[in-house]
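For reference, the structure is listed below as structure tokens.
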Amino acid sequence: MVVLENRVAIVTGGSRGIGESISKELAKYGVKVVINYYSSKEKAELLVEEIKELGSEAICVKADVSKEEDAKLLVDAAMETFGHLDILVNNAGITRDRTFKKLTGEDWRKVIDVNLNSAYNTTSYALPHLLESDAGRVINISSIIGQAGGYGQTNYSAAKAGLLGFTKSLALETAKTSLTVNAICPGFINTDMVAEVPEKVLEQIVNKIPAKRLGKPEEIARGVLFLCRDGEYITGQELNINGGLYM
Ligand code: NAD
């Protein structure tokens, strides 16, 4: 088991939804958190205060992780503030759901940029620092949609499936080191992202989930905690947290 106290984590899109829960869960165990936000400045600043109340440290950094230069600024901020880096959680993501017939090139590129190219951007700058840690972790938040496909989600599904290939290949390349690289594939989790799904469609989705409910952001966060703390010999894996929807 890895002692998490005083480890440093970057959580992209870490100020709300699943990212917020991950930031808080890690902070509870003494991890210093670099909360990346894109638009929710106030939420990010509030979360920094909450984390300080939990007894840990945090900063928030505005960065559009779909841009390489912003990803560099994010990693630089972590290093300048805390001096080392142990955990990178690539959580930032968006959807632009449309059936393929209606999907524009802009919808395609934007979703690939934010969900997939962002992981290249952050990981390429973070990797040298993560390899210096004795328990480095890259955790990519993929999706059940990357495994099973999703109606109206060719762009999102391709990006999330791409993250799985990225995870396994980087895990292979780093397996001899103390860095592990894994993906978490959430099912349908109760956040703003799912709130965009029309109520009737959501009802049908919940009916199909064997557990008969949406997942909670905290349930994904506990998966991240598990991989960080107990995952020394777990690399290149997909951790499915989906109420049994995809087995
Ligand atoms: P959310 O919309 O609440 O959060 C997404 C986060 O990403 C936000 O903090 C947002 O600001 C950030 N973000 C978006 N674009 C960004 C950019 N260019 N740069 C930096 N940050 C950016 O949604 P969520 O449900 O919390 O999603 C978190 C992750 O989990 C996403 O990758 C999503 O695809 C994945 N996921 C969610 C579900 C679900 O059911 N909610 C299921 C599977 C996977």
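One-based numbering, in listed order, for ligands and for the atoms of each. Everything quoted here is computed from the prediction, not taken from an experiment.
Counting only heavy atoms of the protein, atom 42 (C) of ligand 1 lies nearest to Gly187 O, 2.9 Å. Residue, atom and distance of the protein heavy atom nearest to atom 32 (O) of ligand 1 are Asn91 O, 2.7 Å. Here the heavy atom of the protein found nearest to atom 30 (O) of ligand 1 is Ile141 CG2, 3.4 Å. Protein heavy atom nearest atom 13 (N) of ligand 1, with residue, atom name and distance: Ala92 CB, 4.0 Å. In terms of protein heavy atoms, atom 15 (N) of ligand 1 is closest to Val114 CG1, 3.5 Å. Among all protein heavy atoms, the one lying closest to atom 12 (C) of ligand 1 is Gly13 CA, 3.7 Å. Of the protein's heavy atoms, Met193 CB, 3.6 Å lies nearest to atom 23 (O) of ligand 1.
Ligand 1 has at least one atom lying under 4.0 Å from a heavy atom of Phe188. Ligand 1 has at least one atom lying under 4.0 Å from a heavy atom of Val65. The shortest separation from a heavy atom of Pro217 to ligand 1 is not under 4.0 Å, leaving the residue out of contact. Ligand 1 lies within reach of Lys160, whose nearest heavy atom is under 4.0 Å from it. Ligand 1 lies out of reach of Gly215, whose nearest heavy atom is not under 4.0 Å from it. At least one heavy atom of Ala63 sits less than 4.0 Å from an atom of ligand 1.
The Ser142 neighbourhood of ligand 1 comprises atoms 43 (C), 44 (C), with distances under 4.0 Å to a heavy atom of that residue. The distance from ligand 1 to the heavy atoms of Asn36 drops below 4.0 Å at these ligand atoms: 20 (C), 21 (N). The distance from ligand 1 to the heavy atoms of Gly93 drops below 4.0 Å at these ligand atoms: 5 (C), 7 (O), 14 (C), 31 (C), 32 (O). Within ligand 1, counting atoms from 1 as listed, the ones closer than 4.0 Å to a heavy atom of Val194 are 39 (C), 40 (O), 41 (N). Distances below 4.0 Å separate heavy atoms of Asp64 from the following atoms of ligand 1: 17 (C), 18 (N), 19 (N). With ligand atoms numbered from 1 in the order given, ligand 1 contributes 3 (O), 26 (O) to contacts under 4.0 Å with heavy atoms of Gly17. Listed by atom number, the atoms of ligand 1 under 4.0 Å from Ile94 heavy atoms are 14 (C), 15 (N).
Some N or O of Tyr156 is nearer than 3.5 Å to an N or O of ligand 1, by distance alone. Taking any N or O of Tyr37, backbone or side chain, none lies under 3.5 Å from an N or O belonging to ligand 1. Considering both main-chain and side-chain atoms, Ser15 never comes within under 3.5 Å of ligand 1 through any nitrogen or oxygen pair. Considering backbone and side-chain N/O of Ile18, one or more are found under 3.5 Å from N/O of ligand 1.
Under 3.5 Å, the side chains of Ser118 and Asn121 contain no donor-acceptor pair of N or O atoms. Gln153 and Asp97 share a side-chain donor-acceptor pair at under 3.5 Å. Of the N and O atoms on the side chains of Ser66 and Asp64, at least one donor lies less than 3.5 Å from an acceptor on the other residue.
Asn91 places no side-chain N or O within 3.5 Å of a backbone atom of Gly14 that could act as its donor or acceptor partner. For Asn190 (side chain) and Lys216 (main-chain N/O), no donor-acceptor pair under 3.5 Å exists by modelled atom type. Of the possible polar contacts, none joining the Glu53 side chain to the Ile51 backbone as a donor-acceptor pair under 3.5 Å is found.
Other residues, nucleotides and ligands contribute more than 12 heavy atoms inside 6.0 Å of the CD atom of Glu69. The number of heavy atoms from other shown groups lying within 6.0 Å of NZ (Lys62) is above 12. Counting heavy atoms of neighbouring residues, nucleotides and ligands inside a 6.0 Å radius, atom NZ of Lys102 does not exceed 12 of them.
At a 4.0 Å heavy-atom cut-off, ligand 1 touches Thr191 through the side chain alone. Using a 4.0 Å cut-off between heavy atoms, Ile189 contacts ligand 1 through both its backbone and its side chain.
Every residue two or more places apart in sequence or in another chain that forms a side chain to side chain contact (heavy atoms under 4.5 Å, CB included) with Val206 is listed here: Leu214. When the salt bridge (Lys or Arg N to Asp or Glu O under 4.0 Å) test is applied to Lys168, the partners found at least two apart in sequence or on another chain are Glu238.
For the atom pair OG1 (Thr123) and CZ (Phe166), the distance works out to 3.5 Å, reported to the nearest 0.5 Å. Atom CD1 of Ile35 is separated from atom NZ of Lys43 by 10.5 Å, given to the nearest 0.5 angstrom.
Partner Asn90 forms a side chain to side chain donor-acceptor pair (under 3.5 Å) with one of Thr122, Thr167, Thr12 and no other, that one being Thr122.
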